Amino acid sequence: MTYKIKKWGGDDEDIKLIERAFEFAQKAHTGQKRLSGEPYIIHPLAIAEYLADLTHDIPTLAAALLHDVSEDTEYTIKDIQKEFGDEIAFLVEGVTKLDKIKYKGTERAAENLRKMFLAVAEDIRVVLIKLIDRLHNMQTIECMGPEKQKRIALETLEIYAPLAYRLGIGEIKGQLEDLSFPIVSPNEYEWLTKNLKDHFEERKKYVGKLLPIVNRELKLEKINYVDTHARAKHSYSLYKKLLKFDMDLNKIFDLVAVRVIVPEIESCYAALGVIHKLWRPMPGLIKDYIALPKPNGYKSIHTTVFGPEGKMIEFQIRTS
């Protein structure tokens, strides 16, 4: 993690604070084990490492390392405040408060709980720590009993994934959903996995043929781009979409989509012009979320075109 901090310009004081937080947490959790048998410190360290890729906020990283100290050890919030100051103690206390909010199992309760999360947290950084805490718990959930797994996975689907979406963190939302899906709906997950394999491989090969064409045309038109790559749709998101289309995979055009990443907004529209010059767009399937962002702040242009061989494929064009 210290390497990441140096890479994005953190100074020696930042690194010293993170090292102190780690040493404090390691001492506090001495002798504690996770259900897997690993030392407990592995958990807060994993969360802080993940967060270091999402934020450059040092108090958030320190609080992630310390987030379970006041709840699971002899040390208190006052001890953390004395050692690390008001801001970090406030964040740790916020995560502790969120731990006390429990899901009751109804849609109405879920929406109320999501609102309560945001109200109780007071600071969005608290919610971010809690989301990554849940992500790591889901990644290591196999050590728990079946009933507890199902309860936690359902809570993740109903509370945590929608919160990640509301905050505009789509990748975390997708990971939380995909980790929960096989636990909450094992039969549906098995069906999807079985039926998806051939479609996915076929689409992947198809997109692999498109990328060199797109890259060549962007260069010919002198449009700078950062990257072009294929993006596979998350399994739970795909399953929810399939429910609207009679479970017909042939009707899903973004099973594997093409992402075009450009440096500025003007280039998004220029790249869209290049793609539409290459292939005819599907009427009604051009969505400009840059001009009209989604409620959670998502900005991108989506267009579905009739590509080579007349196959429909979705392009997603956005800035870095």
Side-chain angles (χ1 to χ4, degrees), residues 53 164-165 168-175 177-178 181 192-193 195-245 247-294 296-320:
D53 291 325
Y165 176 78
I169 317 170
E171 185 53 38
I172 292 175
K173 168 191 172 282
Q175 288 184 55
E177 288 179 337
D178 284 357
F181 183 28
L192 186 65
T193 304
N195 287 276
L196 184 61
K197 189 177 179 184
D198 291 342
H199 283 268
F200 180 72
E201 289 303 322
E202 182 189 328
R203 279 276 158 175
K204 206 172 169 185
K205 286 178 186 174
Y206 183 71
V207 169
K209 294 175 185 175
L210 288 184
L211 288 175
I213 301 170
V214 174
N215 293 346
R216 185 191 68 219
E217 290 299 316
L218 289 171
K219 286 174 184 174
L220 283 173
E221 296 292 336
K222 295 184 170 50
I223 296 170
N224 290 327
Y225 64 94
V226 178
D227 185 30
T228 60
H229 61 268
R231 188 277 300 154
K233 197 168 186 66
H234 284 285
S235 59
Y236 184 70
S237 178
L238 173 60
Y239 177 72
K240 286 199 297 183
K241 196 166 186 176
L242 277 167
L243 290 173
K244 300 174 186 177
F245 292 98
M247 306 306 286
D248 187 350
L249 279 161
N250 293 310
K251 293 179 180 177
I252 307 297
F253 309 130
D254 61 342
L255 179 60
V256 179
V258 178
R259 276 198 180 148
V260 179
I261 313 297
V262 294
E264 69 278 315
I265 287 173
E266 291 80 3
S267 297
C268 290
Y269 293 98
L272 180 68
V274 167
I275 291 161
H276 285 179
K277 189 173 77 171
L278 280 169
W279 301 295
R280 182 166 60 88
M282 176 76 172
L285 289 181
I286 304 169
K287 298 171 184 175
D288 188 348
Y289 296 120
I290 292 176
L292 295 168
K294 289 186 178 183
N296 66 352
Y298 176 84
K299 294 181 180 180
S300 183
I301 298 173
H302 293 191
T303 184
T304 300
V305 302
F306 294 94
E309 303 163 36
K311 292 181 180 178
M312 287 192 276
I313 185 80
E314 181 174 284
F315 281 82
Q316 302 170 352
I317 310 162
R318 63 189 67 171
T319 64
S320 302

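Only a predicted model underlies this, so the values are computations on that prediction, with no experimental measurement involved. Values below: all heavy atoms of this structure, side chains included; hydrogens, waters and symmetry mates excluded.
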Check your understanding: CD1 of Ile275 to CD1 of Ile213: how many Å apart, nearest 0.5 Å?
Key -> 12.0 Å
Point to revise | Heavy-atom donor-acceptor pair, Tyr289 side chain to Gly297 backbone, under 3.5 Å | key: no
**Study point:** Ion pair check, Lys311 and Glu202, cut-off under 4.0 Å
**Key:** yes
Check your understanding: Between CD1 of Ile301 and OH of Tyr269, what distance do you get to the nearest 0.5 Å?
Key -> 4.5 Å
Practice item. Check whether any side-chain heavy atom of His229 lies under 4.5 Å from a side-chain heavy atom of Ile261, and answer yes or no. Key: yes
Review point. Is there a side-chain contact between Val214 and Trp279 (heavy atoms, below 4.5 Å)?
Key: yes
Check your understanding: Quick one: does Ser300's side chain have a donor or acceptor within less than 3.5 Å of a partner on Ile317's backbone?
Key -> yes
Practice item. Using a cut-off of 6.0 Å, state whether more than 12 heavy atoms not belonging to Arg280 lie near its atom CZ. Key: no
Revision key, fill the gap. Rounded to the nearest 0.5 Å, the NZ atom of Lys173 sits from the OH atom of Tyr236 at a distance of 9.0 Å
Check your understanding: Between Lys241 and Asp254, is the closest basic N to carboxylate O distance under 4.0 Å?
Key -> yes
Practice item. Ignoring hydrogens and angles, tell me if any N or O in the side chain of Asn215 forms a donor-acceptor pair with the backbone of Thr228 under 3.5 Å. Key: no
Check your understanding: Quick one: are Val260 and Leu218 in side-chain contact, heavy atoms under 4.5 Å?
Key -> yes
Point to revise | Check: Asp288 side chain, Ala291 main-chain N or O, donor-acceptor pair, under 3.5 Å | key: yes
Check your understanding: Under 4.5 Å between any side-chain heavy atoms of Ile286 and His276, yes or no?
Key -> yes
Exercise for review: Mind checking the CG-NZ spacing from Leu238 to Lys233? Nearest 0.5 Å is all I need.
Suggested key: 7.0 Å
Exercise for review: Find out whether Thr319 and Pro263 are in side-chain contact, i.e. whether some heavy atom of one side chain is under 4.5 Å from a heavy atom of the other.
Suggested key: no
Check your understanding: If you measure from CD1 on Ile313 to CE on Met282, what distance do you get to the nearest 0.5 Å?
Key -> 14.0 Å
Practice item. Take atom NZ of Lys294 as the centre, draw a 6.0 Å sphere, and report whether it contains more than 12 heavy atoms from other residues, nucleotides or ligands. Key: yes
Exercise for review: Give a yes or no on whether the backbone of Tyr165 and the side-chain of Asn296 come within a donor-acceptor separation of less than 3.5 Å.
Suggested key: yes
Point to revise | Check: Lys251 and Lys244 side chains under 4.5 Å, non-hydrogen atoms | key: no
Exercise for review: Just say parallel, tilted or perpendicular for the rings of Phe181 and Tyr239, cut-offs at 30° and 60°.
Suggested key: tilted
Point to revise | Check: Glu177/Gln175 side-chain N/O donor and acceptor closer than 3.5 Å | key: no
Exercise for review: For a side chain to side chain contact (heavy atoms under 4.5 Å, CB included) with Thr303, tell me which candidate from Leu272, Leu285, Val258 qualifies.
Suggested key: Leu272
Exercise for review: Evaluate the side-chain contact (heavy atoms from CB on, under 4.5 Å) criterion for residues Ile265 and Lys299: first the C-alpha distance (whole Å), next the side-chain angles of each, then the deciding distance (0.1 Å), finally the verdict.
Suggested key: CA-CA 10 Å; Ile265 287 173; Lys299 294 181 180 180; 5.8 Å; no
Revision key, fill the gap. One should read off an interatomic distance between His199 NE2 and Leu255 CG, to the nearest 0.5 angstrom, of 8.5 Å
